[in-house]
Visitor: 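Questions regarding the structure given below will be posed in turn.
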Amino acid sequence: MKFFDSKQQAVVDFVPLKPGKVGIYVCGPTVQSAPHVGHLRSAVAFDIVARWLRIGHGYEVKLVRNVTDIDDKILVNAQNLGKDWRELAVEVEAGFNQVYDSLGAGVAHSPHATEHIGGMIGVIERLIERGHAYQAENGTANVFFDTASHPAYGELTNQKLENMEGEAIGGGRRAAHDFALWKSAKPGEPETASWDSPWGKGRPGWHIECSAMTLAELGEAFDIHGGGLDLRFPHHENELAQSRAAGFEFANHWMHNGLVTVSGQKMSKSLGNGVSVEELFELGNPAAVRYWLASAHYRSSLDYSPTSLAEAVSALGRIVNFVRRASEVAEVSVTEMPHEFVEAMDSDFSVPVALGVLHDTVRVGNSALDAGDKDAVAAALGSVVRMADVLGLDLTSNEKVATAETIELIEGLIAKRNQARADKDYAQADLVRAELTAMGITIEDQAGKTVWMWSN
RNA sequence: GGUGGAGUGGCUGAGCGGCCCAAAGCAGCAGCCUGCAAAGCUGUAAAACCACGGGUUCAAAUCCCGUCUCCACCUCCA
């Protein structure tokens, strides 16, 4: 299989460093405030990558997504809310996890920055020993990475130091592009937000967290480092520089997912055009949201609009409907995935193409249903279920989950309507149907029976 | 100033030298099915002349050159 390596800027054949095993590290959220759509896109994109490597290739995949739980913004937001920063971090993280889980994009390994302070100090010490980092000469505990000492700096984003805009020199920084590895504790900050280090009390810089956590979770060399396109610079560039300067192989490949836009513009906190997760879930169930998030290639930008989400709801509904109908006449059998699907996934995770194949299979299956060809139905069903599994689409999301009383009520209404139909009292039948519709229920008259499901 | 990416039907969105008189989904129209619907099937319209102008090639949406427009990154951001 091949995918686009965003460091090499080329499509490459993927060969795991260790046969049969794949290590992936994806930059997770800074738990400062509630998740927005961009976080979801990244999570779903890399979840699909991991699923495909597992299901499609049988690799043993370790997918790590970190949690940055100490950061300037967490401290500021906590202070504004009048609560302990650690409490805020825990709360926000719980919110993230709930959303990730509902989308089927939860992760088994989620190291926290605050659990790896020791490892970060270790990497920093190593960098100082090797002459790639220095403590600020202004008497603070600040430690900076010395970009001038690392000629490869800029290799990830193909930039030259002299062309880059830099920060103002200050705080003991020697050069504009040197970045903080360790940040000195400042007066007024909570005591709990600083740790002892050889350079004095302080906390880690953002980039060093990931270098230390990849090392702890995946070792000195691992297969894929992923994250949103907006993290390429400076975050990933700096991570790479640190880890390489410290003598580690680091990531063999890099993958970056495209951003979510609104009317063509990047969705971000700073622009204030964020669409909340709640808003999304009002328009579609989690499976439909996932479908939508996957509906554009992971490297393209994905433009948000209520309409595009509504289309995802309909498109997914088509798949769900097929599986529901097919399941009534056939068992899910273990079936091969269509070649076209496999090829699509193998060529840079072309999910949009894969979805096209999935829909083609659904249409074939629907035709088989109409023709009463049970073998063909079973084949299509098995195939669709497997493909949906690869993409992590939950096809049961509008199954009849309801209390016994509700079910009884619904079935009573359906019986009432069917009696009216039998009596040819269609006005009455339509009234009952309207009642059901108002309850959020859609019904389908099939040969000899009427089935119901939740609308949407 | 530097580094990348993108412009394809009404909408979303694939394709990236010949299988493209361009996938799939959504939306539309007609027929079948239905008491009517829903779901589904079948068929189908529109100038999709693939941003624009040149070029290469037997062959270009796909390659090259130029132009325009848009986006991202170079400050925190998935």
Visitor: Salt bridge (charged side-chain N to carboxylate O under 4.0 Å, His left out) with A/E93: which residues, sequence neighbours excluded?
Guide: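 With sequence neighbours excluded, A/E93 shows a salt bridge (charged side-chain N to carboxylate O under 4.0 Å, His left out) to no residue whatsoever.
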Visitor: Which salt bridge (Lys or Arg N to Asp or Glu O under 4.0 Å) pairs, counting each pair once, include a residue from residues 36-49 of chain A, with sequence neighbours left out?
Guide: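 Qualifying pairs: A/D47-A/R51, A/D47-A/R290.
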Visitor: Across nucleotides 16-35 of chain B, 5' to 3', mark each nucleotide with B, S or - according to how protein heavy atoms within less than 4.0 Å reach it.
Guide: -------BSBB--------B
Visitor: Please list all pairs passing the salt bridge (Lys or Arg N to Asp or Glu O under 4.0 Å) test where one or both residues lie in residues 319-328 of chain A, with sequence neighbours left out.
Guide: A/R324-A/E444, A/E328-A/K449
Visitor: Using side-chain hydrogen bond (donor to acceptor under 3.5 Å, both in side chains) as the criterion, list what pairs up with A/D230, not counting sequence neighbours.
Guide: none
Visitor: Counting just side-chain N and O atoms, does A/N366 come under 4.0 Å of either OP1 or OP2 of B/C41?
Guide: yes
Visitor: Under 4.0 Å from any atom of RNA chain B, heavy atoms only: list the residues of residues 99-115 of chain A that qualify, in numerical order.
Guide: none
Visitor: When the side chains of residues 28-40 of chain A are checked against the rest of the protein, which donor-acceptor pairs come out under 3.5 Å, sequence neighbours left out?
Guide:
residue : atom : partner : partner atom : Å
A/Q32   : OE1  : A/N77   : ND2          : 3.3
A/S33   : OG   : A/K269  : NZ           : 3.2
A/H36   : ND1  : A/H39   : ND1          : 3.4
A/H39   : ND1  : A/H36   : N            : 3.1

Visitor: Determine the Euclidean distance between corresponding C1' atoms of B/A6 and B/C16; express it in Å to zero decimal places.
Guide: 13 Å
Visitor: Has A/K266 got a side-chain N or O lying under 4.0 Å from the OP1 or OP2 atom of B/C73?
Guide: yes
Visitor: Can you run through RNA chain B from 5' to 3' and write each base as (, ), [, ], | or . depending on how it pairs? Watson-Crick or G-U wobble, both distances under 3.5 Å.
Guide: ((((((((.[[[..)..(.....]]].(((((.......)))))......[[[[[..)....]]]]])))))))....
Visitor: Which nucleotide sits closest to the side chain of A/T30: B/A78, B/G40, B/C74?
Guide: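 Among B/A78, B/G40, B/C74, the one nearest the side chain of A/T30 is B/A78.
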Visitor: Which pairs with one or both residues in residues 299-318 of chain A pass ring pair (Phe, Tyr, Trp, His ring centres under 6.0 Å), sequence neighbours excluded?
Guide: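 Sorted pair list: A/W292-A/Y304.
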Visitor: Please tabulate, for side-chain N and O atoms in residues 369-381 of chain A, each donor-acceptor pair with protein atoms closer than 3.5 Å (sequence neighbours left out).
Guide:
residue : atom : partner : partner atom : Å
A/D373  : OD1  : A/D375  : N            : 3.4
A/D373  : OD1  : A/A376  : N            : 3.2

Visitor: Examine B/G4: is either OP1 or OP2 under 4.0 Å from a nitrogen or oxygen in the side chain of A/N158? Give yes or no.
Guide: yes
Visitor: Excluding sequence neighbours, so at least two apart, what forms side-chain hydrogen bond (donor to acceptor under 3.5 Å, both in side chains) with A/T157?
Guide: A/Q159, A/E237
Visitor: With sequence neighbours left out, what residues match A/D223 under salt bridge (charged side-chain N to carboxylate O under 4.0 Å, His left out)?
Guide: none
